[in-house]
**Q** 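Take a look at the following structure, please.
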Amino acid sequence: MPFECVRGEVDKPQEECGVFGIWAPGKDVARMTYFALHALQHRGQESAGIAAGDGSTVLVRKDEGLVDRVFTDADMAALVGNVALGHVRYGTAGGRGWQGAQPHLSTIGEVIIALAHNGTLINFHSLRRQLIDLGIPFLSDTDSEVATRLIGYFTQNTSHIREGIRKTMELLEGAYAMALINDESLYAFRDPHGIRPLVLGELADGAGWCVASETCALDAVGAHFVRDIRPGEVLRINHEGLVSEQAIPARKRTLCIFEHVYFARPDSVIEGDSVHAARVKMGRKLAEESPVEADLVIGVPDSGLPAAEGFSQTSGIPFTSGFVKNRYVGRTFIQPTQEMREMGVHMKLNPLRDVIAGKRLVVIDDSMVRGTTSKQIVHMLREAGAAEVHMRFASPEVKWPCFYGIDTDVQSQLICANKSLEEIRQWINADSLAFLSIKGLLSCVTGEGYCCSCFDGDYPVEIPPAFAHGKFLEGFEPHNLETASITSHRSVIDTAKE
Ligand code: SF4
């Protein structure tokens, strides 16, 4: 679980965003989007937005804050139409604040579109400069606005949104799962590696379609899961039906494995895997790989709990609740001193002393980023009388920065890149410490084709030197599995002419 300090010191990788789109004539599409955004709130808490297309224009309401604070009944009443788009944001590329909130609106000439994006575009600086040279104005410095302006620009040139999206996809490099609306249609598309998830759902009785970052958002609006949107595919949905086009060739699939480890809600299904079941398996595997003698297994709420259950099943050590989590502590709590930070941890999490006192504990968490949370947890459990504290993590050591939509893009932040296992054990003051192996993790999910870059440094999409500058520690050489595609070196002007 993340413990919030000042922004940027959260001791867990932070997901960039959640996306939802719906086309359903006659339904209250804005309110359905609002429900779906609630289901996706775990993917971003900085800002939220909803856009709706009413057949003649597109309206957007967005602001900083949680979903239930951003929208009023009056907003819902104003956002009418057959098609809507929603977004929750945790920004990783570009500015914060209202300007960074999505959906982004583009009104180049006659073309009005709104776009919502999950991921990070690693070549957006160069594309932004080219668009500025072409006289295209920007409201923010985000990568997502660059995609919006590019689509608007190419759409105006070609008079076809699908062509605008296709040309844009040819230029973008990095991770993107996007949904877009104009006044009457919904579009959804995914990068050629399929790094970030995006699924298609259908409402009961064929009343409409929706797309979402996770299946839990489909559940929230009573839609059933149809399929994952394919890497490089564009879907268009409107009164003519659903049309699929492979806009650019798919490359080797590298879906983010961290969705299974931590980001996704446990009731979501990714590529056929129940996230909860995958996490239980990770706990079982961890118990096989790193057994320990202990009296109790406890999980760090919430994301460590399924793996703790699995660890208990395989080890035979009883699983119990070791903590009470306070669900009402907001994100903006600022902890300027060490003393206040420790109080902050206690505000969020309190150990059950009567359960813990005198016991040898195995404590399961999903992942370790900076290590500060683990240190505080061990300290808290020892203070509560634990006889031994054995830390186990249901994922491998996070040693490499992520450039595909997660905020861990500087290697010096990552404790496992800076210290040996034994040094970390001593620093967090645990009796023992172990992580799940990469092989073990991959054995808990279905099929092949996962991004594991933050564990092994093998990057599926080449990181441009300008983007990577200063992000790696000395002695760490990332391994690019693929050089950037030739098309990514093409200019905006050349692409417009083709
Ligand atoms: S580097 Fe890690 S967090 Fe980033 S996309 Fe790959 S697996 Fe996910």
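Numbering of ligands and ligand atoms starts at 1, following listing order.
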**Q** With heavy-atom distances below 4.0 Å as the criterion, list the atoms of ligand 1 near Cys454.
**A**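 So the answer, numbered in order with elements, is 1 (S), 2 (Fe), 3 (S), 7 (S).
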**Q** Does the residue Arg196 have a heavy-atom contact with ligand 1, meaning some pair of atoms that are separated by less than 4.0 Å?
**A**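 Yes, Arg196 has a heavy atom closer than 4.0 Å to ligand 1.
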**Q** Should the pair Tyr404 and Tyr459 be assigned to parallel (<30°), tilted (30 to 60°) or perpendicular (>60°) ring geometry?
**A**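 The arrangement is perpendicular - the two ring planes meet at more than 60°.
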**Q** Record the part of His193 in heavy-atom contact with ligand 1 below 4.0 Å; permitted values are side chain, backbone, both and neither.
**A**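 It is neither; nothing of His193 touches ligand 1.
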**Q** Strictly under 2.8 Å, is any N, O or S atom of Cys402 next to atom 6 (Fe) of ligand 1?
**A**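 Checking Cys402: none of its N, O or S atoms is under 2.8 Å.
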**Q** Among Leu172, Ile165, Val19, Ile229, find the one that has a side chain to side chain contact (heavy atoms under 4.5 Å, CB included) with Met178.
**A**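 The option that passes is Leu172.
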**Q** I'd like to know: is atom 8 (Fe) of ligand 1 within the 2.8 Å range of an N/O/S atom from Cys256, strictly under that distance?
**A**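 Given the 2.8 Å cut-off, Cys256 counts as a ligand of atom 8 (Fe) of ligand 1.
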**Q** Is there a donor-acceptor contact under 3.5 Å from the side chain of Glu145 to the main chain of Ser140?
**A**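 Flag set: sc Glu145 to bb Ser140 pair under 3.5 Å.
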**Q** Compute both the distance and the angle, then confirm whether Arg253 meets the cation-pi test with Tyr450: under 6.0 Å from the six-membered ring centre, within 45 degrees of the axis.
**A**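 Yes, a cation-pi geometry.
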**Q** Is Asn429 reaching over with its side chain to a backbone N or O of Arg425, donor-acceptor style, under 3.5 angstrom?
**A**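 It does not hold such a pair.
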**Q** Closest by any non-hydrogen atom to atom 7 (S) of ligand 1: pick that one out of Cys451, Pro460, Ser367, Gly405.
**A**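 Selected option, by shortest heavy-atom distance: Cys451.
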